[in-house]
Participant: 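Mind having a look at this structure? Questions to follow.
These numbers come from a predicted model, not from an experiment. Reminder, nothing fancy here: chain letters follow the sequence lines and each chain counts from 1.
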Amino acid sequence: MNPIDPIILFFLLGLIAGLARAELRLPAAIYDFVSILLLLAIGLKGGIELAKQPFGDLLPQILAVLAMGFALPLVAYPVLRHLGRFQRADAASIAAHYGSVSVGTYAVAVAYFGTREIFFEAHMPLLLVVLEVPAILVGIVLARGMSRETRWGAVMHEVFLGKGIVLLLGGLLIGWIAGPEGVVSIKPLFFDLFKGILAIFLLEMGLITAAQIGSLRQYGLFLLSFGMLMPVGSALIGALLGWALGLSMGGTAVLATLAASASYIAVPAAMRVSVPEANPTLSLTASLGITFPFNVLIGVPLYHAMAERVHAFLGA
Amino acid sequence: MNPIDPIILFFLLGLIAGLARAELRLPAAIYDFVSILLLLAIGLKGGIELAKQPFGDLLPQILAVLAMGFALPLVAYPVLRHLGRFQRADAASIAAHYGSVSVGTYAVAVAYFGTREIFFEAHMPLLLVVLEVPAILVGIVLARGMSRETRWGAVMHEVFLGKGIVLLLGGLLIGWIAGPEGVVSIKPLFFDLFKGILAIFLLEMGLITAAQIGSLRQYGLFLLSFGMLMPVGSALIGALLGWALGLSMGGTAVLATLAASASYIAVPAAMRVSVPEANPTLSLTASLGITFPFNVLIGVPLYHAMAERVHAFLGA
Amino acid sequence: MNPIDPIILFFLLGLIAGLARAELRLPAAIYDFVSILLLLAIGLKGGIELAKQPFGDLLPQILAVLAMGFALPLVAYPVLRHLGRFQRADAASIAAHYGSVSVGTYAVAVAYFGTREIFFEAHMPLLLVVLEVPAILVGIVLARGMSRETRWGAVMHEVFLGKGIVLLLGGLLIGWIAGPEGVVSIKPLFFDLFKGILAIFLLEMGLITAAQIGSLRQYGLFLLSFGMLMPVGSALIGALLGWALGLSMGGTAVLATLAASASYIAVPAAMRVSVPEANPTLSLTASLGITFPFNVLIGVPLYHAMAERVHAFLGA
Amino acid sequence: MSLANDRIRKLLTIVTEGAIESALVRDLDRLGAHGYTITEARGKGRRGVRNAGWDASSNIRIEVVCNDDTAAAIAAHLQAQYYDNYAMILWASEVEVLRPEKF
Amino acid sequence: MSLANDRIRKLLTIVTEGAIESALVRDLDRLGAHGYTITEARGKGRRGVRNAGWDASSNIRIEVVCNDDTAAAIAAHLQAQYYDNYAMILWASEVEVLRPEKF
Amino acid sequence: MSLANDRIRKLLTIVTEGAIESALVRDLDRLGAHGYTITEARGKGRRGVRNAGWDASSNIRIEVVCNDDTAAAIAAHLQAQYYDNYAMILWASEVEVLRPEKF
Ligand SMILES: Nc1ncnc2c1ncn2[C@@H]1O[C@H](COP(=O)(O)O)[C@@H](O)[C@H]1O
Ligand SMILES: Nc1ncnc2c1ncn2[C@@H]1O[C@H](COP(=O)(O)O)[C@@H](O)[C@H]1O
Ligand SMILES: Nc1ncnc2c1ncn2[C@@H]1O[C@H](COP(=O)(O)O)[C@@H](O)[C@H]1O
Ligand code: NA
Ligand code: NA
Ligand code: NA
């Protein structure tokens, strides 16, 4: 059996310290710094790989994953609206969170498969970027209809010029242009420190999660179930898609994880500006208080097993 | 002869820059970040070692060191109260500072013995944690008596859920659970950068120390002597205890350093909340303005020599 | 052909993100931290080399470079005053910026020649420090005359105790005292991470530059031309001096880059305090909005070529 | 420093979510404020604790010194546009300024 | 924006040591404040320079908008409980609020 | 909390460039202020946007509680010494203090 990954333990440390109300707080500037490093590092890694293969080969995958990004919130919305009896804006906003992706969860998956030396396709960061955007657009349309009033210019600005996309895409492009040799000189900061930086990030995520859990009681059972079942459902869709696209078992599992993960950076920021009447506590409680810990602690190994089954049953 | 350790030079740089009123200030967020990294790294290192040996073997040492933690402030208090003519609360608070430990001093000792390749027992971080707490309790009782009014719940919260203990203990547990192999992936951040991070920390400590020295004039000769003699006395107690517990020469010297060091993080925070009438300038001037530089510049090599003598005279 | 250095791409990423008004901002604390690390690292590197050679041998170079530091602003001032029709204070302040140096530009040159494995003299950081100061003094005298009113004490404090000089000189001294072996333990932070840290720094510099470019329109063509021609002229002076001092081709190119670079840390701070009536937007638009990107993107390779020509024509 | 009438202006203080900073600042410009000052903040209110640990929970505190009409316009706009959907609080007081022509 | 009487509240501003933040915030809640805003600060006073370089020397600046009684209760409590032993300063002014029902 | 006359002081708030902090603080001491509180800030005014991204564009916000004469002296000094050449704004209001003997 594999040992517990220490980065998960950092998450648990943060979570427990937060629940115990310990005097532990990471300065906001450090949280920012650490996220910036992670986003750039993930982008760079993807970019280096893109430099090795013709972009055209990836186009089918990109389009398929884009389609999944549009589909997932459309699956989530009716569940939230009718089963969960959420107001329209809230259902749309939560659906957008779950249709998009979490970079932190992706990083945990990368670490997980890296430790186990399981191969996955190196252009995954590109799919991460691709998956980030469509759910936001769907969420806004679900909340507002195709209303003329929506200031799509502002929306697009918010979506494409948010910190997450700019740094991921920027990293991708830098890695792609500079190539494997070019990046050697910045490797010690962005690659060698990656898991250590991720550990610090997860420590803070544990503290943030603990703060969200307080509001869990308020929203009760439906949100709790949704926050654990929706990712499993999405993961299945992701795993099947990965298999259909001919990804390796590892790649399938990572795509399943991407599908399962729920955004807590890009989408909240965009929803705040574009669908302000949606209650951010609801969506953050779900995505940070339930789904993030679920994915980090249980989800990733589960989606690993899922990908193995899919590949075993459906053939490689 | 060994060259001067550059980390000591960073401390001197900060000290001189501070005394010269240079426009140099480390952002508070960076000071926080750097302390968090040091505390986690020290904890992790200890935890890895604990993973290698049965915990039961350490119990006698833990109990003995715990006893020393209770004893040291009881030695310091009468000196401060009667020779120093300090008010009760002040004497109790200063005694608590000197009974507890300084993580920065410990880190300097680790670097010192590391450079010289002198072996010391790897579970020292555990003793560091153990020594941090009892002096705080003794200090409060000395200031208040066993009064019913003391809200021990709040005190315990402050003591055990302060940043220092949470990160040290958290690091210990993570290192212990993940073990040597598990921790490999986060080694570049926590272990390879350790001395560089310590250098930045000491630069800031130099600046802080310089700010304290201003208030030295005000408190005069007694505090100055106490700040240099008390650590030497404590170190002797620590060295004898180390020898009695069968520690190696290096371990004995590190335990002596721990005994000699005075807290400037955990204890001030706890005293501020539990013994507010104690003047924090007094204790910080002593612990930061006198004892910290004394230990860093003179103390560590002195305690090294002390441990050599003790082992030579009393036999190994 | 050499691949594009990724650190330049980070600068471009920041520049483009800034111009596109992306939601990207590096916390001020991180900018501070990153500059502190760069300044210390550059100082340390120079200090290690100083430890290897007798200081006396460098004295002629130091004096010659000092003279250049006094001369450059005297060349710039009449151009700004008469051709540019700037007010006396503004002309003096801008001249001071261009007579002094930019540590960021120097770091880019170090990275450039490092990647190409081109040798340059290792005591360049010493010349960097030497060049930082005289232009400030000349600028003040140009603005005020040798007036009795100038509080030279305060000026000297500002100049010699600013963050830049303290950290560069401090690093130099630490490197010099600790020597190559002493510094090994802090190498991972200061040297291995150097280019990664520089990448983050340049990302932020790109964002800052983008913010300056807005005010460019206001000041028009003269400033634009000055910001690109002045560095080329200075570089030529620097290159000739480098050749005359017997520097290697690489060293000549680095000295040319130093001469070409314009300050945006030490000089603005000093001018703000000593020549407050000079408009800081003017000088920062020139030095940050024009000259910094010019030097980083075009200048360094240009000065490289210039040094090659000088050495080819005038003989080695 | 006499409280001469022509030197009296309104000081508006707004505490709200960091997420809407750019939109808010654009509004202030449009509504005629000649300047503003922002500090990072955290706090508690109707919408719970906002501890500034990360983006979504950070507050900003904006101060605007302006004349009465501008203050009224800003207050009305914020109340209409943001008050219901965002963590926001706003208070106003009278202050005396140097160089009243600036505002 | 008329200074209508029913919209007038007290704005209490407290500057004190960061070390007592959690205790203070608990007290504010207990004494009836509906909210508060905190910013990081440094400064100088009777107890010397507090330059915020590290934990023990950091200040916080707390603002509370509340009604007169709550303000009086908070001021009295702080004076009794903290003023002697902590670096602390407190001032109060009158402000006009939007949506007075919030306070 | 009555607005008793002997508890009324002036609160001066100054927003200006971080670059002159040490000079300013020296001036405040000299002019008789017993204390001050500083927070980091950014903002916009006549001299454009100062976004605090780096040294040259950072603002500080200084508060000084003092008596009328000191306030007048400080305001006059700042106006004479700094107002023309530095990004600076200053406003004053009346506040009630606890322990008036401190100021
Ligand atoms: N009574 C109050 N006094 C001071 N600040 C407040 C008060 N109420 C709310 N705030 C601040 O305004 C923010 C938003 O308030 P709310 O919309 O009530 O959640 C809070 O996070 C606090 O920072
Ligand atoms: N007169 C004053 N004006 C503004 N702030 C002050 C004043 N006096 C003290 N302070 C602030 O209150 C803190 C504690 O004050 P003290 O208890 O006087 O040391 C100081 O660190 C300053 O930040
Ligand atoms: N009307 C205003 N209201 C609030 N703050 C202002 C105002 N005008 C200027 N400021 C602040 O004062 C600083 C300097 O102002 P200025 O000298 O006008 O550029 C700005 O960067 C703002 O932070
Ligand atoms: Na998803
Ligand atoms: Na001790
Ligand atoms: Na130059």
Side-chain angles (χ1 to χ4, degrees), chain B residues 14 18 21 24-36 89-90 93 97 104 143 151 154-155 157-158 161-164 201 203-212 214-215 218 263-285 287-288, chain E residues 12-33 36-64 73-91:
Chain B
R21 302 186 173 283
L24 184 60
R25 209 198 290 167
L26 216 71
I30 300 306
Y31 176 81
D32 251 34
F33 183 42
V34 159
S35 338
I36 290 173
D90 287 326
S93 166
H97 283 71
R151 294 182 303 146
V155 169
H157 185 278
E158 192 64 36
L161 293 174
K163 185 169 78 175
F201 178 77
L203 178 67
E204 171 70 6
M205 288 305 296
L207 291 166
I208 292 175
T209 299
Q212 303 299 323
S215 29
Q218 217 174 318
S263 171
Y264 49 82
I265 297 181
V267 181
M271 289 296 128
R272 223 51 212 108
V273 172
S274 308
V275 188
E277 66 274 28
N279 179 353
T281 316
L282 269 181
S283 40
L284 286 176
T285 302
S287 118
L288 267 180
Chain E
L12 271 186
T13 305
I14 307 152
V15 181
T16 190
E17 306 184 16
I20 53 172
E21 174 173 334
S22 20
L24 218 58
V25 154
R26 242 176 290 126
D27 292 350
L28 291 179
D29 269 352
R30 199 169 37 75
L31 293 167
Y36 54 82
T37 296
I38 302 182
T39 49
E40 307 288 332
R42 49 208 158 86
K44 201 187 130 179
R46 271 174 318 165
R47 297 195 178 233
V49 174
R50 302 183 50 79
N51 74 353
W54 63 301
D55 308 342
S57 87
S58 76
N59 278 349
I60 49 173
R61 179 183 181 282
I62 311 185
E63 287 172 308
V64 186
I74 294 175
H77 176 75
L78 295 186
Q79 170 137 12
Q81 193 76 17
Y82 297 102
Y83 235 70
D84 289 331
N85 291 324
Y86 293 95
M88 176 178 278
I89 177 181
L90 180 154
W91 64 80

Participant: Could you measure the distance from the OG atom of S57(E) to the CG atom of L284(B)? Nearest 0.5 Å is fine.
Facilitator: 9.5 Å
Participant: Does any part of the side chain of Y264(B), heavy atoms only, come nearer than 4.5 Å to the side chain of D55(E), both counted from C-beta?
Facilitator: no
Participant: Measure the CH2-CG distance between W54(E) and D32(B) for me, rounded to the nearest 0.5 Å.
Facilitator: 12.0 Å
Participant: Looking at every non-hydrogen atom in both residues, tell me the closest pair between A52(E) and A28(B) and how far apart they are.
Facilitator: O-CB, 3.4 Å
Participant: Please check if the number of heavy atoms outside R47(E) that lie under 6.0 Å from its CZ is greater than 12.
Facilitator: yes
Participant: Does any backbone or side-chain atom of E158(B) lie under 4.5 Å from a heavy atom of chain E? Answer side chain, backbone, both or neither.
Facilitator: neither
Participant: Are N51(E) and R25(B) packed together at the side-chain level, in the sense that at least one heavy-atom pair is separated by less than 4.5 angstrom?
Facilitator: no
Participant: For chain E, which residues from residues 271-281 of chain B have at least one heavy atom closer than 4.5 Å to it?
Facilitator: R272(B), V273(B), P276(B), E277(B)
Participant: Measure distances from L207(B) to the heavy atoms of chain E and classify the residue's part below 4.5 Å as side chain, backbone, both or neither.
Facilitator: neither
Participant: Does anything in residues 14-27 of chain E reach chain B? List residues with heavy atoms under 4.5 Å apart, or say none.
Facilitator: E17(E), A19(E)
